[in-house]
Number of protein chains: 2
Amino acid sequence: MWLSTKTRYGLKAIYEIGMHEKSPIALNTIASKHEISLSYLEQIIALLKKDGLIRSTRGPHGGYSLAKPPEKIYVGDIIRALEGSYAPTECVEENDLCNLRTSCVTHYVYKKINDSITEVVDHMTLKDLMDQML
Amino acid sequence: MWLSTKTRYGLKAIYEIGMHEKSPIALNTIASKHEISLSYLEQIIALLKKDGLIRSTRGPHGGYSLAKPPEKIYVGDIIRALEGSYAPTECVEENDLCNLRTSCVTHYVYKKINDSITEVVDHMTLKDLMDQML
DNA sequence: ATTAAATCCGAGTACACTACTGGGAATTAG
DNA sequence: CTAATTCCCAGTAGTGTACTCGGATTTAAT
């Protein structure tokens, strides 16, 4: 289990925000629905806001809403905002020097894994999740 | 970076074992080549042995060799032996109850990720790594 | 203006897990 | 017998995750 609660809670949260289309949704609602502490959820949601995926309205009847249409929000962006990176090893991290070297056999494995994850998450949007039948 | 040193060192180690085809290779050799402590490497290698990927010869001139031909050793088996599991979340772990439910939207994401990793690692053998040109 | 609902912000903390170190026993080739 | 090697078990420092807590700021409604 290498995805943290940040990502797991955060993904559920942005999904809820997307589904609550008409008006901003308060964190309280999401927190109690998913039994997450409000304080913790605040910290998580801040990561999504920092990366420009959601925007906030303060004061009563405030809350959060999507910053762009759900078909333009990629699951990859969400995970990167929340988790930071999903690279299996440091050596396939974006700005790692090892990327330039081909001398390491195992690097090949990690790169393939990383690429396949990227393929999945960068071709899946929040809208895809919202459109899913349950 | 969600693959532990166990997996990273262990993968390098089994690669070395594979490349040293003629006779068993001593851990000492691998440990000093890759600057890993012998004690730690012993613990890692034990995981590979437990899962029947390598076998050992004790005493002088002893060491480790592959338990089967490298084209029958899948990278997936190696990683599972070392890491335990590469599932992004508990809910896509093999024996998790959530597998049966379809009620969770985010589950869909995790399953896709997990499947794509499986696709990569279960179609790559140790031989593929050994055959790679450097 | 006051109140209350909400976001925003920063500090602190318990626990689990990773990445080791160390000591010593068992096996076996020469 | 000796030395090289695997095997086995116990401990431990440090890191990171998953939170809790307290309070400041903004703003709609009365």
Side-chain angles (χ1 to χ4, degrees), chain A residues 1-14 16-17 20 23-51 53-67 79 82-90, chain B residues 1-14 16-17 20 23-32 34-51 53-67 79 82-86 88-90:
Chain A
M1 169 141 79
W2 48 270
L3 283 180
S4 65
T5 57
K6 273 186 190 168
T7 296
R8 276 144 48 218
Y9 294 164
L11 188 53
K12 281 190 176 174
I14 199 171
E16 294 288 346
I17 293 170
H20 200 267
S23 58
I25 184 174
L27 280 197
N28 227 328
T29 314
I30 302 175
S32 50
K33 178 164 178 183
H34 292 285
E35 291 178 331
I36 312 170
S37 105
L38 178 60
S39 275
Y40 192 32
L41 188 56
E42 282 174 344
Q43 294 169 34
I44 293 168
I45 226 79
L47 298 168
L48 295 171
K49 197 190 170 192
K50 185 162 66 64
D51 276 24
L53 303 176
I54 56 175
R55 57 191 164 71
S56 63
T57 317
R58 300 178 75 167
H61 299 128
Y64 294 88
S65 35
L66 299 182
I79 296 180
L82 294 164
E83 197 71 26
S85 155
Y86 48 74
T89 57
E90 209 179 356
Chain B
M1 169 142 79
W2 48 271
L3 284 179
S4 65
T5 56
K6 274 187 190 168
T7 297
R8 276 143 49 214
Y9 294 165
L11 188 54
K12 281 190 176 174
I14 198 170
E16 295 288 346
I17 294 169
H20 200 267
S23 57
I25 184 174
L27 279 199
N28 227 328
T29 314
I30 302 175
S32 50
H34 291 285
E35 293 178 331
I36 313 169
S37 104
L38 178 60
S39 273
Y40 192 33
L41 188 55
E42 282 174 345
Q43 294 169 35
I44 293 168
I45 226 78
L47 298 168
L48 293 171
K49 196 189 170 193
K50 185 161 66 64
D51 277 24
L53 302 177
I54 56 175
R55 58 190 162 70
S56 63
T57 317
R58 301 178 75 166
H61 300 129
Y64 294 88
S65 36
L66 299 182
I79 295 180
L82 294 163
E83 197 70 25
S85 155
Y86 48 73
T89 58
E90 209 179 358

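Tested against I44(A), the residues R8(A), K12(A), K6(A) include a single side-chain contact (heavy atoms from CB on, under 4.5 Å) partner, K6(A).
In this structure, L3(B) atom CG and dC17(C) atom C1' are separated by 16 Å, rounded to whole Å. Regarding I44(B), its CD1 atom lies at a distance of 9 Å from the C1' atom of dC20(C), rounded to whole Å. Straight-line distance from the CG atom of L48(B) to the C1' atom of dT6(D): 15 Å, rounded to whole Å. One interatomic measurement links the two molecules: OH of Y40(B) to P of dG11(D), which rounds to 19 Å at whole-angstrom precision. What separates CD1 of I36(B) from P of dC20(C) is a distance of 9 Å, to the nearest Å. The separation between M1(A) atom CE and dA16(C) atom C1' is 12 Å, rounded to whole Å. In this structure, CG of L38(A) is placed 18 Å from P of dA18(D), rounded to the nearest angstrom. Distance L47(B) CG to dC8(D) C1': 13 Å, rounded to the nearest Å.
Between E42(A) and P60(A), the residue anchored nearer the 5' end of DNA chain C, judged by the nucleotide with its closest heavy atom, is P60(A). Take the nearest nucleotide of DNA chain D for S4(A) and for R58(A): the residue whose nucleotide is more 5' is S4(A). For the pair T57(B) and Q43(B), nearest-nucleotide mapping onto DNA chain D gives the more 5' position to T57(B). Along DNA chain C, the nucleotide nearest to S39(B) and the one nearest to E83(B) differ in position, and the one closer to the 5' end is contacted by E83(B).
Each of dC8(C), dC19(D), dC7(D) was ranked by its minimum atom distance to the side chain of Y64(B); first place goes to dC7(D).
Close to dT20(D), at under 4.0 Å from its OP1 or OP2, lies a side-chain N or O of S37(A). Between H61(B) and dT28(C) there is no side-chain N or O to OP1 or OP2 distance below 4.0 Å. Applying the 4.0 Å criterion to OP1 and OP2 of dC8(C), one finds that K49(A) has a side-chain N or O inside that range. Taking only side-chain nitrogens and oxygens, Y9(A) comes nearer than 4.0 Å to OP1 or OP2 of dC19(D).
Within the 3.5 Å criterion, the main-chain N or O of Y86(A) finds a donor-acceptor partner in the side chain of W2(B). With E90(B) contributing its side chain and M1(A) its backbone, the two residues share no donor-acceptor pair below 3.5 Å.
Y40(A) and T5(A) share a donor-acceptor pair across their side chains, judged by distance under 3.5 Å alone.
Within the 4.5 Å cutoff, no side-chain heavy atoms of L47(B) are placed close to those of L53(B).
If you check every strand for non-hydrogen atoms under 4.0 Å, I45(A) touches nothing.
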